[in-house]
Amino acid sequence: RQVTVQRKEKNFQGMLEYYKEDEPLLIRNLVTDLKPQTLSGTVPCLPAYILYMCIRHADYVNDDLKVHSLLTSTINGVKKVLKKHNDDFEMTSFWLSNTCRLLHCLKQYSGDEGFMTQNTPKQNEHCLKNFDLTEYRQVLSDLSIQIYQQLIKIAEGMLQPMIVSAMLENESIQGLSGVKPTGYRKRSSSMVDGDNSYSLDAIIRQMNSFHSVMCDQGLDPEIIQQVFKQLFYMINAVALNNLLLRKDVCSWSTGMQLRYNISQLEEWLRGKNLHQSGAAETMEPLIHAAQLLQLKKKTPEDAEAICTLCTSLSTQQIVKILNLYTPLNEFEERVTVAFIRTIQAQLQDRNDPQQLLLDFKHMFPVLFPFNPSSLTMDSIHIPAALNLEFLNEV
Amino acid sequence: TSQRPARPRVLLKAPTLAEMEEMNISEEEESP
């Protein structure tokens, strides 16, 4: 339980003063040694607000060296934490939220009218008076990009081992296993034998966990959307690449299961209000591959339907899947060479990329839209658990 | 109403992120 120290007896103007020699202690208690759990139940991004209030006091007393020193120590402290916790999603998300919030504060209180349109008169009183921190904003923006990249790398590392078994191998639709192609042993995507299979539920549970951590920490909704767009792109790329290389999963039944799995993921996006993030659109090649597996592949009309529907797959990918396609049983025919030639003839004018496989490490450029806070600095309380009693409220 | 400063704010020059890291490394090397 958090104990909050309320010191509002004086007219608090939303500034925090400290002796220069206490700066290392401030950075240690607020940045390098801080555990995000210490702040559960408090205002999200509290460290960012505290740091801004310290910067504001240094600005107020016109101490440029103190501002330089605090910002440099903060940035180096954040980098140190990230290096130490380079596989910790919660810690990385926490510092992404706080770095972005500090960047938003430096904009919101910069005095630049373009960033002040949503400020209350009280918030306008909390603007910097002496210094223009535009260059430091650039550094914080660069740092935010680095942290975002680390966050994606961690999340991808956690999700990637689940993708093939959850999307292509796991059978959650009842009765589908009976219509699997015969003659193929169930393959494991792992190097070692054993039960390493994951269901789609495991992916959804993991994404629920990512989502709740980022929301609880007050990460900007636009950034959360970009995280999931990136993760959905990777799910699409890893699953499609595997499909393009494995005969045993190129079947009607896998197509059916795959389409069902993608629908579950689309529903998850809608449930989290992330349907406008662009995440679902990144799955289009995989959706088209699932459709290709399910469509009839015999007549010229079937070829026409495939060419009309599978617009997110290249000719090379369509042909590859058709070549790998495995009939369910002796009653279903293989795709004929003539059918594949018809497809190739119909698609010859397409300007397709040359490579067969998708670059699953591709990253979309990230944007950090300005997101001012409605919070007023003088309403912020510092929990005793932070051990920052050496900060004086001004 | 916003309280505008009478004089323009002074631009504080900042090192880049890479320069900051270099400075940090050399400081750490110097300390025992």
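All values below come from the heavy atoms of this structure, side chains included, with hydrogens, waters and symmetry mates left out. Per chain, numbering begins at 1; letters A, B, ... match sequence-line order.
Residues A/F131 and B/L12 come closest through the heavy atom pair CD2-CD2, 3.7 Å. Between B/K13 and A/H68, the closest heavy-atom pair is O-CE1, 2.8 Å. Between B/P15 and A/V139, the shortest heavy-atom contact is O-CG2, 3.2 Å. Closest approach of B/R9 to A/C127, counting heavy atoms only: NH2-CB, 4.4 Å.
Atoms CG and CE, on A/N76 and B/M20 in that order, are 6.5 Å from each other to the nearest 0.5 Å.
Other residues, nucleotides and ligands place more than 12 heavy atoms under 6.0 Å from the NZ atom of A/K20. Counting non-hydrogen atoms of neighbouring residues, nucleotides and ligands closer than 6.0 angstrom, the CD atom of A/Q118 reaches no more than 12 such neighbours. In the displayed structure, A/Y18 atom OH is contacted under 6.0 Å by more than 12 heavy atoms of other residues, nucleotides or ligands. For A/K66, the NZ atom is densely surrounded, since the number of other residues' heavy atoms within 6.0 Å is greater than 12.
Here the side chains of B/L11 and A/T134 are in contact, with some heavy-atom distance below 4.5 Å.
Using a 4.5 Å cut-off between heavy atoms, A/N119 makes no contact with chain B at all. Heavy atoms of A/Q146 lying under 4.5 Å from chain B belong exclusively to its side chain. Contact of A/S110 with chain B is made through the backbone alone, with heavy-atom distances under 4.5 Å. For A/L143, the parts lying under 4.5 angstrom from a heavy atom of chain B are both the backbone and the side chain.
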